[in-house]
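To keep things clear, I will list the structure first and then write my remarks on it.
Proteins come first, then strands; the chains are lettered A, B, ... in the order of their sequence lines, and each starts at number 1.
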Amino acid sequence: DKEHRHKDHKKDKEREKFKHSNSEHKEHSEKKHRDKDKERLKHSDSSSDKHRQKHKDRDKDKRREEKVYRSPAGIKSEPEEDNGFYPSPQHNKSSRQEYDDEDPKKSSWNTTKRPKRGNMSTTKTRKMRFITYKKGTDGKKVKKEEEEKWKWWEEERYTDGSKWRFLEHKGPVFAPPYEPLPGKVKFYYGGKPMKLSAPAEEVATFFAKMLDHEYTTKDIFRKNFFKDWRKVRKMDMALGEVFRSSETDKIKEENERLLQEYGFCIMDNHKERIGNFRIEPPGLFRGRGDHPKMGMLKRRIRPEDIIINCSKDSKHPKPPPGTKWKEVRHDNKVTWLASWTENIQGSIKYIMLNPSSRIKGEKDWQKYETARRLKKCVDRIRAQYREDWKSKEMRIRQRAVALYFIDKLALRAGNEKEEGETADTVGCCSLRVEHIKLYPKLDDQEYVVEFDFLGKDSIRYYNKIPVEKRVFKNLQLFLENKQPEDDLFDRLNTSILNKHLQELMDGLTAKVFRTYNASITLQQQLKELTCSDDSIPAKILSYNRANRAVAILCNHQRAPPKTFEKSMQNLQNKIDEKQNQLSAARKQLKAAKADHKASHDDKSKKAVEMKRKAVQRIEEQLMKLQVQATDREENKQIALGTSKLNYLDPRISVAWCKKFGIPIEKIYNKTQREKFAWAIDMADKDYEF
DNA sequence: CGGGAGACTTAGGAGGCGACGA
DNA sequence: TCGTCGCCTCCTAAGTCTCCCG
């Protein structure tokens, strides 16, 4: 249970094992510190203002002016063009821009310099073959399924900030309405049966569904739930038994049919998959970590809550019979198809496209191009922040130390959060005094900083790292005259930091460092770990290890699988068994040898050879099992998926596969291959991040 | 300039499903 | 054939960052 994580001491201890002072690879040579940090920098009014309680009124309905954009004609059938095979590194490169331009100023992702996206309807559609493997009907045969995929990455992009010209979709799928329990099922309160209205009953079932979950034992959860449930029951009394049961039964649609009907949209002449076309069903809010709002009722979303976004000349989606949309707008400066305001935090939720879509893919690609531009100037930036450690100004020193952490430890930026609205988690800029400990000497290391805080999703970050003396002295200075709950960087926030970064490099923000460091680490690790004469499984193990190095750097953790101990035990049993087999085989070999010594005949010689081979085979099998066990153990609390999906430039992996003859399916599953189609198509074996 | 709304990315868990071995 | 286990998909929370308004 995740929210126990930071409280459960044992688990924390376990986690600690996997965290170590990583990131040494980014250590740069340090000049001798002449600066004795003599000048004392004041931070008189330090931490006061950042701790103010903030209030806000989220319910204000600030409806913006409706923006209208003219769109060109609708869907046209895509021209058939067969160019290339899958994967196809040999596409016509001349037809697209080069993105790895040497001069960052000229980079094609620089918004102002971006080449124009032509009129989409005149652009010839480029396609690639996308192959998926499926089981045939006989259950055995593997069927190759080829599909033509649009190569959006070979087309020009919009330069005017618009995201599309034409957008048509069918709107979201609503959660099926509540079906009341049969009359004989009764609700008992204080031992007495009690009649509940359908809405009250529904909310009661939300709780009931979670009964075997840890959540329901939590005080805050129960309190929040009961408070909201009571509201529902009060409403019943006022309104009587009015429950919208109009569209009850016919909702049991086939999932596939629903997907086919609502799962796609037409954007700029192309059919694209929608990411989340289902509206989130009502239920009890499950926050992560120690969330003050856990257990609150997440209310049902109705058509009247939904804002639809589509192009004016498209066939607008129809609301369910007897209902209306909140609004239909035509804003092509955004990518979402529908949105609504959620009632727990008052934030907006969106329906957007799948990661395989052009609109997401372009953005993803752009993200890695920005990170690659950082690669070109990271030395300069590092030199600069090291220089800034000596600044006379407190704010500059804080900025420089924070940036150093973000770079070295891949910490998140750390926006300020509203107190009491969410779990108490922090990132770099929002670190508090209580989150770090300084050790001038620890074991055999000097100037060690110990980090211990809850980050995103209340995942604990624990790390002890030696830092440079100047950083250490600065930290001591920042800590002066502060309480544990005061901000470590009281003169800094993410907005200040990002503004500074923007000046250092166009498009640079704090999170670019995470992307950059993750990708460069993968590339380095792959270079280091891959042996060209290893077998394919051994190479894949190396890949996973490189991936794991990144996951550790980014602190991507998971709860150990529930069955972990058991499956580990099973594996261990297998290993033991193999070991027995091995010693048996060895004995037999010995016997055969003795036999051969005695008889010296051909038959016994053959027997010796046989036994020798058997021993060898078993040794190999044992080795394999042991490697598997190590791999699994190492991966116990590490989640590889997040970095693979969000931080690692897929072209590095693709290049690696091509270079070593690894089938791409070994490292990317179908979904991932769809998301990274652009990279699979364009990266050749020599790609350098 | 600060605060908040808005848009979009990043995140781990639940649950389903299929491969595989007993 | 059955049970186990690990992978995949879906889900939605929780971040980052930008923009706009007063």
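- Between the side chain of A/Lys456 and the base of B/dT10, a donor-acceptor pair under 3.5 Å is found.
- Under 4.0 angstrom from either OP1 or OP2 of C/dT16 there lies no side-chain N or O belonging to A/Thr494.
- Position along DNA chain B of the nearest nucleotide to A/Lys499 versus A/Ile359 favours A/Lys499 as the more 5'-ward residue.
- A/Ser339 comes within 4.0 angstrom of nothing in the nucleic acid, heavy atoms only.
- Using a 4.0 Å heavy-atom distance criterion, A/Tyr350 is classed as a base contact.
- Between A/Ile279 and A/Asn669, it is A/Asn669 whose nearest contact on DNA chain C lies nearer the 5' terminus.
- Of the listed nucleotides (C/dC10, C/dG6, C/dT16), C/dT16 has the atom at the smallest distance from the side chain of A/Ala413.
- Nearest to the side-chain atoms of A/Arg278 among the listed nucleotides C/dC11, B/dA7, C/dT18 stands C/dC11.
- Positionally, the nearest nucleotide of DNA chain C for A/Gln672 lies more toward the 5' end than for the other of A/Gln672 and A/Glu280.
- Residue contacts for A/Gly275: at a heavy-atom cut-off of 4.0 Å it reaches no nucleic acid atom on any strand shown.
- The side chain of A/Arg412 places no N or O atom within less than 4.0 Å of a non-bridging phosphate oxygen (OP1 or OP2) of B/dT9.
- A/Gly641 comes within 4.0 angstrom of no nucleic acid atom, judged by non-hydrogen atoms across all strands.
- Distances shorter than 4.0 Å separate some side-chain N or O of A/Lys163 from OP1 or OP2 on B/dC8.
- From A/Leu541, atom CG reaches atom CZ of A/Arg548 across 7.0 Å, with rounding to the nearest 0.5 Å.
- OP1 or OP2 of B/dT10 has at least one side-chain nitrogen or oxygen of A/Lys367 nearer than 4.0 Å.
- A donor-acceptor pair under 3.5 Å is absent between the side-chain atoms of A/Arg412 and the main chain of A/Arg514, judged by distance alone.
- The nearest whole Å value for the distance from the CD1 atom in A/Ile459 to the C1' atom in B/dT10 is 13 Å.
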- Item | Pair A/Phe277-A/His169, ring pair (Phe, Tyr, Trp, His ring centres under 6.0 Å): steps then yes or no | CA-CA 10 Å; A/Phe277 56 93; A/His169 59 93; over 10 Å; no
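- Heavy atoms of A/Asn498 sit under 4.0 angstrom from primed sugar atoms or phosphate atoms, though from no base atom.
- Residue A/Pro281 is in sugar-phosphate contact alone, with no base atom involved, counting any heavy-atom pair closer than 4.0 Å across all strands shown.
- Whole-Å rounding puts the A/Asn276 CG to B/dT9 P distance at 12 Å.
- Separating the CG atom in A/Leu501 from the CD1 atom in A/Ile496 is a distance of 12.0 Å, to the nearest 0.5 Å.
- Of the side-chain N and O atoms in A/Lys360, none sit less than 4.0 angstrom from OP1 or OP2 of B/dC8.
- Side-chain rings of A/Phe207 and A/Phe225 approach one another, their centers coming within less than 6.0 Å.
- Phosphate proximity of C/dA13 to A/Lys349: present, with a side-chain N or O under 4.0 Å from OP1 or OP2.
- A close approach under 4.0 Å does not occur between any side-chain nitrogen or oxygen of A/Thr642 and OP1 or OP2 of B/dA11.
- The residue among A/Arg286 and A/Leu645 whose nearest nucleotide of DNA chain B lies closer to the 5′ end is A/Leu645.
- Each of B/dG12, C/dC8, C/dC17 was ranked by its minimum atom distance to the side chain of A/Thr671; first place goes to C/dC8.
- Contact annotation: A/Thr335 side-chain N/O to B/dC8 OP1/OP2 distance is under 4.0 Å.
- In this structure, A/Arg288 places its CZ atom 10 Å from P of B/dA14, rounding to the nearest Å.
- Following rounding to the nearest Å, A/Phe513 (CZ) and B/dT10 (P) show an atom-to-atom distance of 16 Å.
- Within the 4.0 Å cut-off from OP1 or OP2 of B/dA11, at least one side-chain nitrogen or oxygen of A/His556 is found.
- OP1 or OP2 of C/dC8 has not a single side-chain nitrogen or oxygen of A/Lys670 nearer than 4.0 Å.
- Here the C1' atom of nucleotide C/dC5 and the CZ atom of A/Arg558 are 12 Å apart, to the nearest Å.
- Taking atom NZ of A/Lys511 as the reference point, atom P of B/dC8 lies 13 Å away to the nearest angstrom.
- One can place CE of A/Met210 at 12 Å from C1' of B/dA14, the figure rounded to the nearest angstrom.
- Residue contacts shown for A/Ser495 are absent, as no nucleic acid heavy atom lies under 4.0 Å away.
- In terms of phosphate contacts, A/Arg514 brings no side-chain nitrogen or oxygen within less than 4.0 Å of OP1 or OP2 of B/dT9.
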- Task: Evaluate side chain to side chain contact (heavy atoms under 4.5 Å, CB included) for A/Ile381 paired with A/Leu508, printing each intermediate quantity in order.
- Result: CA-CA 11 Å; A/Ile381 290 170; A/Leu508 186 61; 3.7 Å; yes
- side chain to side chain donor-acceptor pair (under 3.5 Å) between A/Asp290 and A/Ser458: does it pass, once the steps are laid out? CA-CA 8 Å; A/Asp290 235 336; A/Ser458 292; over 6 Å; no
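- Within the nucleic acid shown, A/Ala510 comes within 4.0 Å of sugar-phosphate atoms alone, with no base atom in reach, counting heavy atoms only.
- Contact annotation for A/Lys298: backbone-only contact, meaning every heavy-atom pair under 4.0 Å involves sugar-phosphate atoms and none involves a base.
- The shortest distance between the side-chain N/O atoms of A/Lys333 and the OP1/OP2 oxygens of B/dG6 is not below 4.0 Å.
- Close to B/dA11, at under 4.0 Å from its OP1 or OP2, lies a side-chain N or O of A/Tyr647.
- Listed pair A/Thr425 / C/dG15 meets the phosphate criterion, a side-chain N or O lying under 4.0 Å from OP1 or OP2.
- Side-chain atoms of A/Thr335 and A/Tyr350 include no donor-acceptor pair closer than 3.5 Å.
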